[in-house]
> 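Starting off with a structure, shown below.
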Amino acid sequence: MPHTLMIQGCTSDAGKSTLVAGLCRVLVRRGFKVAPFKPQNMALNSAVTAEGGEIGRAQALQAQAAHIAPTVHMNPVLLKPNSDTGAQVILQGQSIGNLNALDYQAYKPKAAQAVFDSFHILSTQYPLIVVEGAGSPAEINLRQGDIANMGFAEAIDCPVILIADIDKGGVFAHIVGTLACLSESERNRIKGFVINRFRGDIALLQDGLDWLEQQTGKPVLGVLPYLHGLHLDAEDAVASNHPDTNTPTKTAKLTAKLKVVCPLLPHISNHTDLDPLTHHPQVNFQWVKHNEPIPPADLVILPGSKNVAFDLNFLNQQDWLPYLQKHLRYGGKLIGICGGLQMLGQRIEDPDQIESDQTELPGLALMNYTTRFYPQKQLINRSGLLQLPGLVSPVKIAGYEIHQGITDFSHYTPTIQWHNNDMGDNDDMSDTDGAISQDNQIFVTYCHGLFDQPETLTALLNWAGLVNAETFDLNQQREQQLNRLADTLDAHLDMDKILDLLHS
């Protein structure tokens, strides 16, 4: 067995993913070989591994923090919700189909087998493993057959650190209440607490920390400050707009040179595609939520979706089609990514009812193609060349594909030529993607992460009307943020005690 430490949280969004990523970077900087692991994840932001499997994006980020390549065994169970009561189940990187909540409970023994098989595989490769829980261990209704929190920790017999978010308020009640919901053996498994997102003078918190340690008999292993301007790939939800001292102010953003809007779809997937735009200093990016007025923009982006039929109906209900028609009539630009690409076509066919109970539905009909869904999901990392009107020569593009729809682009000249050796630099091309409308106003692609490469981002911003766009490198920023996070953990956590727990 490897030396293993598990991070569980009092609530969702307590900071589990971030703490695991930071610990992986701290440990690797100290010379340890470490891997992240999340038994079960529920998220619509995902990544594709080198072996062609799908995992949560947070685990891909944690692997980057550990300076290792992500594998399907770092997140053996991924649940991708496609309704309020159902989800597509990804087992060790591959879809086994859609299950509702009750059916998944019955399926859990098979999911558990995948979890422990993957953990065993990682344990043969890495001496240290940092495990991330899901949601909260205090969810009594989910205790039976649990593989995400204490059920896993008990099975492999590892210590647990509990993290709580003080920014939401009630942090001591969260911690004490969580302990009260656990069994005696589970409470004993928790070896200490981390309090996250603290603002203010730590001296004003000390009485509370002393009380907590006295009441529980467990140590506070650190209080992490609220890190303004910390931008890391979101596990799932679109982040709330907290005041941020290290990012352009709202006033500055309003004077940015390019205005970009994107609908916040009910089943939006891989919204991290838009991170380079939300952080670019010359871009004023705005999510448009349910029932919000749609502002004028230079560029509109239709993002990915886990339920294209539902989200297409949402767009129609929110009057996005007349808005887009007017937007294009006045010269605006439009980009469709994956599900957004499919919505822009003439028709979507789903004879096997893979994403919904509708076998066929009309698209927005702004592009002349048809999409058909097939049972086999396309999962592949990509690199190649992007050619847009006005570019003197093609620019390098890289990203990944996650989709079950196949689109007939025969009416269009492809805009992307992929390398045939996937992520290689071989000039011998095979396979193509993407299309651009005859009037040069609509660009569509199945490529997630298309804005991550600085060259591609600049080219697409220039195409959208931003002349002389500044270079912005998301990958460089991600590395800077991971190092900043690790510096913070080193400064504010009792790393000696944490290392003792890891090696216990």
Side-chain angles (χ1 to χ4, degrees), residues 1-2 4-21 23-24 35-43 55-56 58-59 62 73-79 81 87 89-91 101 104-105 107-120 122-123 129-165 168 171 173-196 216 218 221 235-237 498 501-502 504:
M1 290 289 291
T4 305
L5 175 66
M6 190 170 191
I7 307 299
Q8 297 183 16
C10 290
T11 60
S12 293
D13 197 35
K16 299 183 292 292
S17 298
T18 302
L19 180 55
V20 170
L23 286 174
C24 284
F37 182 73
K38 182 157 186 169
Q40 176 182 290
N41 196 351
M42 179 176 283
I55 63 171
Q59 281 62 66
Q62 292 160 358
H73 300 299
M74 294 173 184
N75 177 207
V77 179
L78 173 62
L79 307 178
V89 179
I90 311 296
L91 211 62
Y104 179 66
Q105 286 300 111
Y107 186 81
K108 263 191 176 179
K110 292 183 179 179
Q113 187 62 53
V115 165
F116 293 113
D117 285 349
S118 287
F119 181 76
H120 174 72
L122 278 187
S123 71
I129 296 180
V130 183
V131 183
E132 178 188 344
S136 163
E139 293 165 346
I140 304 301
N141 56 308
L142 300 178
R143 296 285 290 280
Q144 185 174 357
D146 172 53
I147 56 174
N149 289 297
M150 282 299 178
F152 177 81
E154 295 266 73
I156 68 162
D157 190 22
C158 73
V160 173
I161 292 175
L162 187 66
I163 184 170
D165 180 6
K168 291 183 174 68
V171 69
H174 281 168
I175 293 172
V176 174
T178 297
L179 292 178
C181 292
L182 302 179
S183 69
E184 182 179 0
S185 66
E186 291 169 343
R187 283 194 296 272
N188 291 337
R189 194 164 294 285
I190 293 179
K191 303 302 182 183
F193 313 116
V194 171
I195 293 177
N196 194 24
T216 65
K218 300 176 187 295
L221 298 172
E235 181 176 50
D236 188 35
I498 290 174
L501 289 176
L502 254 175
S504 61

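Keep in mind it's a predicted model, so treat the numbers as computed, not measured.
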> Using side chain to side chain contact (heavy atoms under 4.5 Å, CB included) as the criterion, point out the one residue from Val77, Val131, Asn75 that pairs with Pro39.
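It is Val131, the one option of Val77, Val131, Asn75 that forms the side chain to side chain contact (heavy atoms under 4.5 Å, CB included) with Pro39.
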
> Just how far is it from atom CE of Met6 to atom NZ of Lys38, taken to the nearest 0.5 Å?
9.0 Å

> First locate atom CD of Gln8, then atom NZ of Lys16, and finally report the distance between them rounded to the nearest 0.5 Å.
9.0 Å

> Using a 4.5 Å cut-off on heavy atoms from C-beta on, say whether the side chain of Val171 contacts that of Phe193.
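No. Closest side-chain heavy atoms not under 4.5 Å.
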
> Identify the two heavy atoms, one from Ile175 and one from Ala164, that lie closest to each other, and give their separation to 0.1 Å.
CG1-CB, 3.8 Å

> Give a yes or no on this: more than 12 heavy atoms of other residues, nucleotides or ligands lie within 6.0 Å of atom NZ of Lys168.
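For Lys168, atom NZ is crowded (more than 12 foreign heavy atoms under 6.0 Å).
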
> Given the rule in the side chain to side chain contact (heavy atoms under 4.5 Å, CB included) test, do Gln40 and Val115 qualify, once you have shown the distances and angles that lead to the verdict?
CA-CA 8 Å; Gln40 176 182 290; Val115 165; 5.6 Å; no

> Should Val89 and Leu79 count as side-chain neighbours, where that means a heavy-atom distance under 4.5 Å?
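Val89 vs Leu79: side chains touch.
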
> Distance check, rounded to the nearest 0.5 Å: Leu501 atom CG versus Leu5 atom CG?
6.0 Å

> Please lay out, stage by stage, how Leu19 and Asn196 fare under the test side chain to side chain contact (heavy atoms under 4.5 Å, CB included).
CA-CA 9 Å; Leu19 180 55; Asn196 194 24; over 6 Å; no

> First locate atom CZ of Phe37, then atom OG1 of Thr4, and finally report the distance between them rounded to the nearest 0.5 Å.
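Phe37 atom CZ to Thr4 atom OG1 measures 9.5 Å (nearest 0.5 Å).
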
> Heavy atoms, side chains only, cut-off 4.5 Å: are Leu23 and Ile7 in contact?
yes

> Going by the side chain to side chain donor-acceptor pair (under 3.5 Å) test, which pairs reach into residues 134-144, not counting sequence neighbours?
Arg143-Glu186

> As an exercise, state the distance from OG of Ser12 to CG of Asp165, rounded to the nearest 0.5 Å.
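Atom-to-atom, Ser12:OG and Asp165:CG are 11.5 Å apart.
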
> For residues Ile163 and Gly15, report the shortest heavy-atom separation together with the two atoms involved.
CD1-O, 3.8 Å

> Minimum heavy-atom separation for His73 and Leu122, please, with both atom names.
O-CD1, 3.6 Å

> So, for Gln62 and Cys24, which heavy atoms are closest and what is the spacing to 0.1 Å?
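Here Gln62 and Cys24 meet closest at O-CB, 4.0 Å.
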
> For residues 147-162, tabulate all N or O donor-acceptor pairs below 3.5 Å that involve a side-chain atom, not counting sequence neighbours.
from	atom 1	to	atom 2	distance (Å)
Asn149	OD1	Ala134	N	3.1
Asn149	ND2	Ala134	O	2.7
Glu154	OE1	Arg189	NE	2.8
Glu154	OE1	Arg189	NH2	2.9
Glu154	OE2	Ser185	OG	2.8
Asp157	OD1	Arg189	NH1	3.0
Asp157	OD1	Arg189	NH2	3.4

> What are the two closest non-hydrogen atoms of Gly9 and Ala14, and how far apart are they?
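Result for this residue pair: CA-CB, 4.4 Å.
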
> Can you tell if the side chain of Asp117 reaches within under 4.5 Å of the side chain of Pro76, non-hydrogen atoms only?
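The answer is no; the side chains never approach within 4.5 Å.
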
> Nearest 0.5 Å please: distance from the OG1 atom of Thr178 over to the CG atom of Leu182.
7.0 Å

> Could you please spell out the steps behind the side chain to side chain contact (heavy atoms under 4.5 Å, CB included) verdict for Ile55 and Leu78?
CA-CA 6 Å; Ile55 63 171; Leu78 173 62; 5.6 Å; no

> Looking only at heavy atoms, what is the nearest atom pair of Ser17 and Glu132, with distance?
OG-OE2, 2.6 Å

> Any side-chain heavy atom of Met42 sitting closer than 4.5 Å to one from Pro81?
yes

